[in-house]
Amino acid sequence: MVQQTTEEPRSKDDIAAELVTDPTRAIGPSDQGRDAAALNQIVVVGGGAAGLELATKLGDTLGRRGEAVITLVERSRSHLWKPLLHEVAAGSMDVDEHDLDYLAQAHWHHFRYRYGEMIGLDRARKEVIVAPTVDDEGRQITPRRSFRYDTLVIAIGSVVNDFGTPGVKEHAIALDQTQQAARFNRRLVNACIRAHAQEEPVRPGQLDVAIIGAGATGTELSAELHRTTRAVVAYGLDRVDPEKDIHITLIEAADRILPGLPPRISEAAHNLLRNLGVSVRTGARVSEVRANGVQLADGGFIPSELVVWAAGVKGPDVLKELDLELSRSNQLVVLPTLQTTRDPDIFAIGDCAWCPREGHPGQQVPPRAQAAHQQASHLLRQIRRRRPTRPLEPFVYKDFGSLVSFGEYSAVGNLMGFLAGKSMMIEGFFARWMYRSLYKMHERALHGTAWTALSTVARALTRRTDPRVKLH
Ligand SMILES: Cc1cc2nc3c(=O)[nH]c(=O)nc-3n(C[C@H](O)[C@H](O)[C@H](O)COP(=O)(O)OP(=O)(O)OC[C@H]3O[C@@H](n4cnc5c(N)ncnc54)[C@H](O)[C@@H]3O)c2cc1C
């Protein structure tokens with residue numbers, strides 16, 4: 001039988017004493033029933049771009065001072081910033097170098113990390129329900145548990161939207177989680193080694209990759225893959241000829257790639273990909289993904305060994321279980337204050353939130369890392385305002401522009417706010433530098449300025465001696 005435990009609130013003095021002596025001490029069932037007065041239990045579910053920044057900053061302020069207990073519920077053991085996943089898939093990033101252990105982060109920043117996946121809420125009792133976890137051998141690690149909250153922040157991100165297309169679940173890989181990106185990379189390297197070792201020549205399509213969806217993720221992945229497949233082969237797989245044997249096809253239903261960005265950026269990106277030799281198929285609707293390739297609605301077929309689905313996002317299915325208002329894309333509808341419409345004690349930020357965009361009627365704040373970062377910073381201030389019950393302020397999204405990276409080749413995008421509010425297109429080294437700075441902002445929010453500067457220098461030095469692609 002599955003055991004269920006509930007972590008109850010504790011008194012302010014208990015919390016302060018515990019944080020002073022051991023900020024990370026596990027609080028189990030034996031802590032139940034303590035004084036509930038004057039406490040403030042803040043639970044953040046999802047430790048991604050938005051949730052981990054918020055939990056860290058809350059821990060550094062309210063948690064450190066013993067004014068609240070901050071709990072992060074997260075289904076993974078370590079964090080990797082999601083916009084890096086296409087680099088993991090392509091093999092140009094070593095996960096171990098960039099991922100962050102939740103337990104350690106919680107220890108350093110005065111919040112509690114609780115491992116497990118939210119599967120529901122008990123809104124009447126104000127509890128988050130978390131599924132039991134098991135190890136690879138099937139032994140239970142944690143039981144089914146509940147965590148009490150006074151303020152709950154849901155920040156569980158998004159999943160790819162396959163729009164019900166047949167074969168996607170079975171034959172395509174999504175880049176929602178680090179494990180999926182790493183699995184794609186292993187299959188890619190295996191395919192190259194297999195082709196090199198086989199006696200017969202490489203078959204047509206044997207090493208081809210189809211990427212469905214030419215938003216930022218698909219476009220960035222196609223350029224990154226172009227470079228890394230060549231680099232893998234250059235390490236000695238000399239029976240594979242990348243120009244002849246490896247084809248990358250980027251498939252987009254709209255009439256241009258990067259349909260969410262201004263046309264001139266699409267055009268610049270398209271030209272860059274064309275010069276690399278990536279086949280770009282716009283106006284192409286996918287009707288099915290099969291084991292051996294992609295079927296198009298117009299009857300065409302694109303043979304492929306590997307298929308990546310990167311066409312659109314939606315809210316995770318668990319959100320349907322919470323009895324909160326949902327958008328058509330299954331995101332939690334929030335007020336400008338980031339509170340959910342049916343429960344003022346529950347906030348949602350990042351990709352899982354449908355937040356109205358000020359000055360753009362009917363539009364939402366886009367599901368992007370810069371929005372997640374801004375919402376985390378805004379909510380930090382609001383939670384502090386809320387404690388003495390001051391009124392909350394609305395979140396206003398500031399669009400600083402969009403940048404699309406082509407790895408070591410280039411980057412292209414637009415920066416907003418230049419020239420009296422107009423956008424300015426940028427390309428090349430400056431664009432690449434700006435692109436990287438978004439990740440640096442995330443690192444700074446998690447570790448501070450000195451750590452970020454030192455680690456940037458350290459990584460630059462080790463890059464000179466390590467292989468530029470992952471080979472295993
Ligand atoms: C390949 C790729 C490239 C991208 N590039 C860019 C870019 O260049 N610029 C940009 O602005 N945006 C980019 N994005 C989008 C960006 O990554 C997201 O907008 C951002 O990560 C959203 O942050 P979040 O905190 O809402 O979600 P996430 O960062 O996805 O974090 C969600 C967290 O919740 C956890 N979680 C999920 N479900 C549960 C559950 N039930 N219980 C407990 N924990 C749970 C997850 O494990 C995860 O840690 C990219 C996305 C991808 C996939």
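When a ligand or atom number is given, it counts from 1 through the structure's own listing order. Just so you know, residue 1 is the first one in the sequence shown, and it goes up from there.
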Does a side-chain N-to-carboxylate-O contact under 4.0 Å join [X] and [Y]?
X	Y	value
R148	D122	no
E127	R125	yes
R385	E393	yes
D317	K320	yes
R264	E267	no
R123	D343	yes
D150	K126	no

Report the nearest protein non-hydrogen atom to [atom]: residue, atom name, distance rounded to 0.1 Å.
atom	value
atom 9 (N) of ligand 1	L438 CD2, 4.0 Å
atom 36 (N) of ligand 1	R75 NE, 3.7 Å
atom 41 (N) of ligand 1	M118 O, 3.2 Å
atom 31 (O) of ligand 1	G48 CA, 3.1 Å
atom 27 (O) of ligand 1	G157 CA, 3.2 Å
atom 30 (O) of ligand 1	K82 CD, 3.3 Å
atom 3 (C) of ligand 1	P83 CA, 3.5 Å
atom 29 (O) of ligand 1	A49 N, 3.0 Å

Ligand-residue contact atoms, ligand 1 with [X], heavy atoms, under 4.0 Å:
X	result
A155	32 (C), 33 (C), 34 (O)
Q370	11 (O)
G116	43 (C)
S76	47 (O)
A50	25 (O)
L175	53 (C)
A372	23 (O)

Is there at least one pair of N or O atoms, one from [X] and one from ligand 1, spaced under 3.5 Å apart?
X	result
P367	yes
D351	yes
A369	yes
C352	no
T217	no
E74	yes
L85	no
G350	no

For ligand 1, does Y102 get within less than 4.0 Å through its side chain, its backbone, both, or neither, judged by non-hydrogen atoms? side chain
Spacing of C355 atom SG and H378 atom NE2 [to the nearest 0.5 Å]: 8.5 Å
Atom CD1 of I383 and atom CG of L54: how far apart are they, to the nearest 0.5 Å? 5.0 Å
May I ask you to decide if the ring planes of Y102 and Y113 are parallel, tilted or perpendicular, using 30° and 60° as cut-offs? parallel
Over 12 non-hydrogen atoms of neighbours within 6.0 angstrom of CD in E325: yes
Taking the six-membered ring for Trp, are Y439 and H98 closer than 6.0 Å centroid to centroid? yes
So, H373 and E53: side-chain donor and acceptor under 3.5 Å apart, yes or no? yes
So does L335 get a backbone contact from the side chain of Q339, meaning a donor-acceptor N/O pair under 3.5 Å? no
